[in-house]
Amino acid sequence: MFESKLGAKAGKAQKDSAQSGFAEKKSQQPQSKASQGGQLLHHTDHKGHQPRNFTCPLKDDVNKRRRLSGSKFEKIISVLEVKLTKVDACVPSKRQEPKVEVGATHKKAYSEVVEQKIPPKEDLKVLQPIQAVSVSGDPQSLCLWCQFAVVFCESTVTWSKEGAVLAEIKRSSGDESRVSLTISKASHKDLGKYQCQLSSLHGSITLDYLLTYQVLSEIVIPPSPKTISSAPVEVGGEEEDVHCSRLMFKDDFLTDQYFGENCPLSIITEKVHFGEGMHRRAYRTKLQAGQIPLLLSGHPCVLKVHNSISYGTKNIDERVQKNFSLAVEECQVQNTAREYIKAYTDAAQSVEAFGEVPEIIPIYLVHRPSNDIPYATLEEELIGNFVKYSVKDGKEINLMRRDSEAGQKCCAFQHWVYHKTEGNLLVTDMQGVGMRLTDVGIATCKKGYKGFKGNCATSFIDQFKALHQCNTYCEILGLTSLQPKAKKPASAPKPNPQHSVAPKKKTFGPTVKGKT
């Protein structure tokens, strides 16, 4: 390339010198056009004798264009040489040269487009954690719900219990309404750990909730037990040796409680339970050998066993300890209520018009060493129509409670205990056959009453105070109504006589010290 360049420059120089010499000769020796034409004819007449330095006008134009194009090409070559020298000085060696991916620019542009389409990422938020509430119109069901925020795109809500998926719900973009899970006919089988997970393009968030027996018992009203047959049924089952203990009381039965000696018993229990509540199963059993107060050999009894004793733990020792504490609590609650109804009986029998007084039967603590669920409670079997006379939360209207003698006397007993403890303790769940009651509960204030705490929520006391209507037996015992008396409407004040007042004169325009 450089050789051709140098040759072109040399040829150009020769041509320029030849042209300059020809111009000088032309200026020194002018010739007429005729002589020039004759010279031209003279040269054309002699073929083969044309001088070499003579060129045709057409060829001169072509050569001129070639020289011009060559000069432009030389300028381009010179500019490129300058640029190449600069680039060679600036660019590092091949070893230091950074590698550039072919599709880098395309990926960058695509990411910028995606960022424009997807909204800016923000962390999902929780407006309300998981809560358990009752289901309207279905007292045996329970509802879990929660609420999320900052949901800018489509999402999926997944409800699960201990790893098992229960429900999966698709939510549209911007939907921040509550998400809920309904548990129909909730029972002890539904106790455990629940999770609610919200998943979207921005990530996921998970909420945990532990459904315990205490929460379940406060929300769900178990169905009334089926009517028990009027005659005892022969028990046929497995025989086992157990130990039975009776809860004993001292002068202050609320604080001085203890279990007596273990009495050895032999019982025969049916394999299949005949009744089931939220947390226990009832089995028919019969005393085969041994005796305890109020229960003789051959007497039909009911053995109540807890269905679930884990309550969030898989440790065997912790499960047994929980089972023991629940059985002890049931004995303490029902036998403490029995002591209160004994005192209520003494107050009622002092009035001849009162008549028969309800009775709460005792229950006993049973230890079964050979069983997986070692602790249970034992009580006499009540034969007849089982009725609820009072409901702990006031949601149920029971005609038997309102109209029957036993129901009215049970409500009067609740009022009497409330009055005696100054509103700090209430016996709830008054139920049984006739005047004989069992499976009752006790609600106390938050701090307890004289060191004793019941097994029902404090809110039951406030609900009883608001809903209780006194009956004939409340009046016989001289109990004061819990409902506030209606205030008499205040007499309207007499209107004051109106004196005629002369109308004031209207003034127009501004006034200055009386002047208009």
Side-chain angles (χ1 to χ4, degrees), residues 188 213 217 225 228 232-249 253 257-311 316-339 359-383 386 429 431-432 436-442 455:
H188 67 281
Y213 166 69
S217 61
I228 303 174
V233 180
E234 289 294 329
V235 176
E238 296 180 354
E239 183 177 357
E240 60 179 335
D241 294 330
V242 301
H243 295 87
C244 187
S245 301
R246 180 185 179 187
L247 187 65
M248 308 294 290
F249 301 96
F253 60 85
Q257 300 180 0
Y258 64 97
F259 283 95
E261 296 181 358
N262 290 331
C263 300
L265 297 177
S266 178
I267 59 176
I268 300 176
T269 307
E270 289 181 340
K271 295 182 180 180
V272 181
H273 60 277
F274 74 94
E276 182 177 6
M278 284 188 298
H279 61 290
R280 293 174 304 175
R281 290 179 178 177
Y283 296 85
R284 284 193 175 91
T285 186
K286 183 174 67 174
L287 292 180
Q288 184 71 10
Q291 62 180 18
I292 53 178
L294 304 178
L295 289 178
L296 302 176
S297 179
H299 203 101
C301 300
V302 176
L303 188 72
K304 294 181 178 179
V305 183
H306 282 85
N307 298 323
S308 175
I309 58 175
S310 58
Y311 290 83
I316 297 177
D317 295 335
E318 292 180 359
R319 289 168 58 188
V320 171
Q321 182 62 35
K322 188 67 177 179
N323 173 224
F324 172 75
S325 62
L326 288 173
V328 168
E329 182 184 63
E330 289 184 9
C331 291
Q332 291 175 338
V333 167
Q334 182 153 325
N335 288 308
T336 300
R338 175 178 166 83
E339 294 299 313
E359 174 196 5
I360 297 176
I361 65 174
I363 62 173
Y364 304 90
L365 179 65
V366 175
H367 181 216
R368 306 183 297 164
S370 60
N371 201 286
D372 295 337
I373 305 177
Y375 294 96
T377 60
L378 184 70
E379 63 187 77
E380 177 188 356
E381 182 178 4
L382 300 179
I383 309 299
F386 200 94
D429 281 351
Q431 54 192 328
R436 308 196 70 197
L437 312 174
T438 186
D439 203 16
V440 299
I442 291 180
N455 60 344

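The main-chain N or O of E329 is never found under 3.5 Å from a side-chain atom of N455 such that the two would form a donor-acceptor pair. When atom types are taken as modelled, the side chain of D429 and the backbone of G441 share no donor-acceptor pair closer than 3.5 angstrom. The closest donor-acceptor contact from the side chain of Q334 to the backbone of I361 lies under 3.5 Å.
In this structure, CD1 on I268 lies 6.0 Å from NZ on K286, to the nearest 0.5 angstrom. Interatomic distance, CD1 of I373 versus CG of L326, reported as 11.5 Å (0.5 Å rounding). Rounding to the nearest 0.5 Å places CG of L247 at 9.0 Å from CD1 of I363. One finds the CD atom of E380 at 10.5 Å from the CG atom of L287 (value rounded to the nearest 0.5 Å).
By the salt bridge (Lys or Arg N to Asp or Glu O under 4.0 Å) test, R281 is found to be paired with E276, residues two or more places apart in sequence or in another chain being considered. In this view, S266 and E239 satisfy the side-chain hydrogen bond (donor to acceptor under 3.5 Å, both in side chains) rule, not counting sequence neighbours. Among residues two or more places apart in sequence or in another chain, the side chain to side chain contact (heavy atoms under 4.5 Å, CB included) test is passed with Q321 by F324. Checked against salt bridge (Lys or Arg N to Asp or Glu O under 4.0 Å), E339 has the following partners two or more places apart in sequence or in another chain: K342. Taking the side-chain hydrogen bond (donor to acceptor under 3.5 Å, both in side chains) definition, one finds that Q257 meets it with T336, sequence neighbours left out. In this structure N262 satisfies the side-chain hydrogen bond (donor to acceptor under 3.5 Å, both in side chains) test together with S245, sequence neighbours excluded.
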(message) Test side chain to side chain contact (heavy atoms under 4.5 Å, CB included) on V242 and I267; report intermediate values, then the result.
(response) CA-CA 7 Å; V242 301; I267 59 176; 4.0 Å; yes
(message) Walk me through whether Y375 and V320 qualify under side chain to side chain contact (heavy atoms under 4.5 Å, CB included).
(response) CA-CA 8 Å; Y375 294 96; V320 171; 4.3 Å; yes
(request) Assess whether side chain to side chain contact (heavy atoms under 4.5 Å, CB included) is satisfied between E261 and R246, documenting all intermediate values. (result) CA-CA 7 Å; E261 296 181 358; R246 180 185 179 187; over 6 Å; no
(request) May I have the step-by-step check of side chain to side chain contact (heavy atoms under 4.5 Å, CB included) for L303 and V305, ending in yes or no? (result) CA-CA 6 Å; L303 188 72; V305 183; 4.2 Å; yes
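Between P362 and N335, the shortest heavy-atom contact is CA-OD1, 3.5 Å. Heavy-atom minimum distance, L265 versus G290: CD2-C, 3.7 Å. Taking all atoms of both residues into account, the shortest heavy-atom contact from C331 to T377 is SG-CG2, 4.0 Å. H243 and P369 make their closest contact through ND1-CG, 4.5 Å (heavy atoms, listed as atom of the first residue, atom of the second, distance). Across all their heavy atoms, A337 and I442 have their closest contact at N-CD1, 4.0 Å. Here the closest non-hydrogen pair linking Q431 and F386 is OE1-CE2, 3.6 Å.
With a 4.5 Å cut-off on side-chain heavy atoms, D439 and R280 count as touching. Considering only heavy atoms from C-beta on, I292 comes within 4.5 Å of Y364 through its side chain. Side-chain atoms of L382 and T438, non-hydrogen and from C-beta on, do get closer than 4.5 Å to each other. A 4.5 Å side-chain heavy-atom check between F259 and M248 finds every atom pair outside the cut-off. Using a 4.5 Å heavy-atom cutoff, the side chains of E379 and C301 are not in contact.
With respect to D372 and R319, no salt bridge is recorded, no charged nitrogen being found less than 4.0 Å from a carboxylate O. With respect to R338 and E359, a salt bridge is recorded, a charged nitrogen being found less than 4.0 Å from a carboxylate O. Taking the charged nitrogens against the carboxylate oxygens, E330 and K304 have no contact shorter than 4.0 Å, which rules out a salt bridge.
In summary, the side chains of T285 and E270 do not present any donor paired with an acceptor at a separation below 3.5 Å, with no hydrogens or angles considered.
Relative to the ring axis of F274, R284 places its NZ or CZ within 45° and under 6.0 Å from the centre.
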